[in-house]
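Let me begin by presenting the structure, written as structure tokens, before commenting on it.
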Amino acid sequence: MSDSGAQGGESCMSLFNNYLRTRKGIILAAETVLCFVIVVCYGASNVRGYLAVAVIELVFCIVYFVVFAGKYDKQLTFLHWGWSDFLRCAVACLLFLITSLITLISRSDGAGIAGAVFGLLAGILFGYDGYITLPLLRKPHAAVPTENQEGV
């Protein structure tokens, strides 16, 4: 029984463990944990309106972790995974920063303030993730000759 995402006979768990040792894997795992903590904090507070941001980003983090760790991004080429990951990070950064600042300014209860503080940390982490993802998307350009090479 072979896993279609496993390359070279590696098991699924060994792929996930190897991916957790990379910088991107650590960041995705940290984003998942922070989103889960934010869900718990906002769920326990009276600020439930911003719970959707954390839940959606938690699902996206898990999906991208599975796709990148299982190397499915190489097989599912109908989507440019690098750019979609960058857009995920950029949108999450903005949404977490905005919702966290609104929650802090509105002087919510203790759990809401804790969720907002973790939201600010998540916004910073998502921004850093986008910052390190963008240079990987840039392709080096080859120099184009401007003169006739045959000699005139």
Side-chain angles (χ1 to χ4, degrees), residues 1-8 10-141:
M1 193 152 95
S2 67
D3 184 9
S4 62
Q7 308 278 325
E10 287 184 279
S11 71
C12 191
M13 284 307 292
S14 68
L15 282 173
F16 287 170
N17 286 334
N18 290 339
Y19 189 68
L20 269 175
R21 292 185 182 107
T22 65
R23 178 169 61 172
K24 182 70 174 176
I26 293 169
I27 291 173
L28 269 171
E31 289 170 353
T32 304
V33 169
L34 269 176
C35 286
F36 181 74
V37 169
I38 294 166
V39 166
V40 170
C41 289
Y42 280 161
S45 75
N46 59 8
V47 187
R48 298 204 176 149
Y50 303 127
L51 185 65
V53 174
V55 170
I56 290 170
E57 287 305 323
L58 176 65
V59 171
F60 278 151
C61 287
I62 292 170
V63 167
Y64 276 82
F65 183 84
V66 169
V67 166
F68 288 142
K71 300 179 183 174
Y72 294 117
D73 57 326
K74 309 277 190 287
Q75 297 172 359
L76 304 172
T77 58
F78 60 87
L79 181 67
H80 194 294
W81 291 98
W83 279 108
S84 65
D85 184 41
F86 173 74
L87 288 175
R88 174 192 67 87
C89 294
V91 169
C93 174
L94 289 174
L95 288 177
F96 273 122
L97 291 177
I98 290 169
T99 56
S100 297
L101 288 175
I102 290 172
T103 304
L104 284 175
I105 291 170
S106 68
R107 297 185 185 180
S108 173
D109 57 345
I113 291 174
V117 170
F118 285 120
L120 287 173
L121 292 173
I124 292 168
L125 184 62
F126 277 104
Y128 176 71
D129 191 5
Y131 176 76
I132 66 165
T133 301
L134 189 60
L136 302 175
L137 299 173
R138 296 183 184 171
K139 304 240 189 296
H141 297 284

Taking distance alone, no hydrogens or angles, what donor-acceptor pairs closer than 3.5 Å link side-chain atoms of residues 50-64 to residues at least two apart or in another chain?
from	atom 1	to	atom 2	distance (Å)
Y64	OH	S84	OG	2.9

Original post:
Under the side chain to side chain donor-acceptor pair (under 3.5 Å) test, which residues partner S45, sequence neighbours left out?
Top reply: none

**OP:** Please name the pair of heavy atoms, one in F65 and one in G25, separated by the smallest distance, quoted to 0.1 Å.
**Re:** CE1-O, 4.0 Å

Subject >> Any donor-acceptor N/O pair, D129 side chain to L125 backbone, under 3.5 Å >> reply: no

**OP:** Answer yes or no: is there a side-chain heavy-atom contact under 4.5 Å between Y42 and T103?
**Re:** yes

Original post:
Can you name the nearest heavy-atom pair linking A122 to I38, along with the distance?
Top reply: CB-CD1, 3.8 Å

Original post:
Can you check side-chain contact (heavy atoms from CB on, under 4.5 Å) on D85 and V67, steps first, answer last?
Top reply: CA-CA 11 Å; D85 184 41; V67 166; over 6 Å; no

Original post:
Can you name the closest pair of heavy atoms from G123 and C93 and give their distance?
Top reply: O-SG, 3.2 Å

Under 3.5 Å, sequence neighbours excluded: what are the donor-acceptor pairs made by side chains of residues 26-33?
from	atom 1	to	atom 2	distance (Å)
E31	OE1	R88	NH1	3.3
E31	OE1	R88	NH2	3.4
T32	OG1	L28	O	2.8

Original post:
To the nearest 0.5 Å, what is the distance between CD1 (I105) and OG (S100)?
Top reply: 10.5 Å

Subject >> Nearest atoms (heavy-atom pairs only) where F126 meets C89 >> reply: O-CB, 3.5 Å

Original post:
About how many Å separate CH2 of W83 and CG of L134, when rounded to the nearest 0.5 Å?
Top reply: 5.5 Å

Original post:
Do F68 and T22 have side chains that get closer than 4.5 Å, going by heavy atoms?
Top reply: no

